[in-house]
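Have a look at the structure below, then the notes.
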Amino acid sequence: NKVLLERNILSENTNTYSFYMFGIGLGTFLALSLFIWMGRGLVTYYQAYAHYSNMIIGIVYLGFSFYLLYLFYKRSFKPIIE
């Protein structure tokens with residue numbers, strides 16, 4: 001809000017500020033409603049795709065662990081070996 005006020009995109013007029021706050025509230029409500037609606041569908045069909053989602057999460061964690069191992073090697077062991 002402060003950045004928008006400083007750049008004169010949002011004025012301190014009561015009507016525009018109220019409309020802006022209403023837009024924020026409406027957008028938050030719609031996003032949360034969509035999240036709840038999609039979450040309900042995901043939970044309903046979770047048993048059919050539980051194996052796939054577990055594999056995807058495992059692969060992501062394994063990828064992160066290799067990346068962190070690479071960073072650890074690069075920062076810790078490389079100067080010692082050279």
Side-chain angles (χ1 to χ4, degrees):
N1 292 344
K2 188 71 173 169
V3 173
L4 293 176
L5 287 172
E6 288 176 359
R7 293 184 181 178
N8 293 327
I9 297 172
L10 181 64
S11 65
E12 294 185 14
N13 186 359
T14 307
N15 292 332
T16 57
Y17 197 74
S18 297
F19 183 71
Y20 173 71
M21 293 305 288
F22 177 75
I24 290 175
L26 182 65
T28 303
F29 175 75
L30 291 176
L32 288 175
S33 298
L34 180 67
F35 180 73
I36 291 169
W37 177 70
M38 290 178 68
R40 189 180 325 140
L42 184 67
V43 169
T44 302
Y45 299 110
Y46 180 72
Q47 288 297 326
Y49 300 107
H51 179 71
Y52 297 116
S53 65
N54 290 338
M55 291 295 290
I56 290 170
I57 291 171
I59 290 170
V60 168
Y61 283 154
L62 191 62
F64 281 141
S65 67
F66 283 132
Y67 177 69
L68 290 174
L69 185 64
Y70 167 74
L71 289 179
F72 178 72
Y73 168 74
K74 184 178 169 184
R75 293 184 184 171
S76 299
F77 294 119
K78 196 167 185 177
I80 295 172
I81 294 173
E82 292 179 350

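Note that the structure is predicted; figures quoted are calculated from it, not measured. Computation of the quantities below employed the complete heavy-atom set of this structure, encompassing side-chain atoms and omitting hydrogens, waters and symmetry-equivalent molecules.
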Contacts of type side-chain hydrogen bond (donor to acceptor under 3.5 Å, both in side chains), residue S53, not counting sequence neighbours: none

Is there a path of hydrophobic side-chain contacts, each under 4.5 Å between heavy atoms of I, L, V, M, F, W or Y residues, that connects F29 with F22? yes

Decide whether Y17 and I24 are clustered together by the hydrophobic rule: side chain heavy atoms of Ile, Leu, Val, Met, Phe, Trp, Tyr closer than 4.5 Å, transitively. yes

Value rounded to 0.5 Å, distance of [atom1] in [X] from [atom2] in [Y]:
X	Y	atom1	atom2	answer
Y70	R75	OH	CZ	10.0 Å
L34	W37	CG	CH2	7.0 Å
M21	L26	CE	CG	13.0 Å

Residue pair F64 / V60, side-chain heavy-atom distance below 4.5 Å: yes

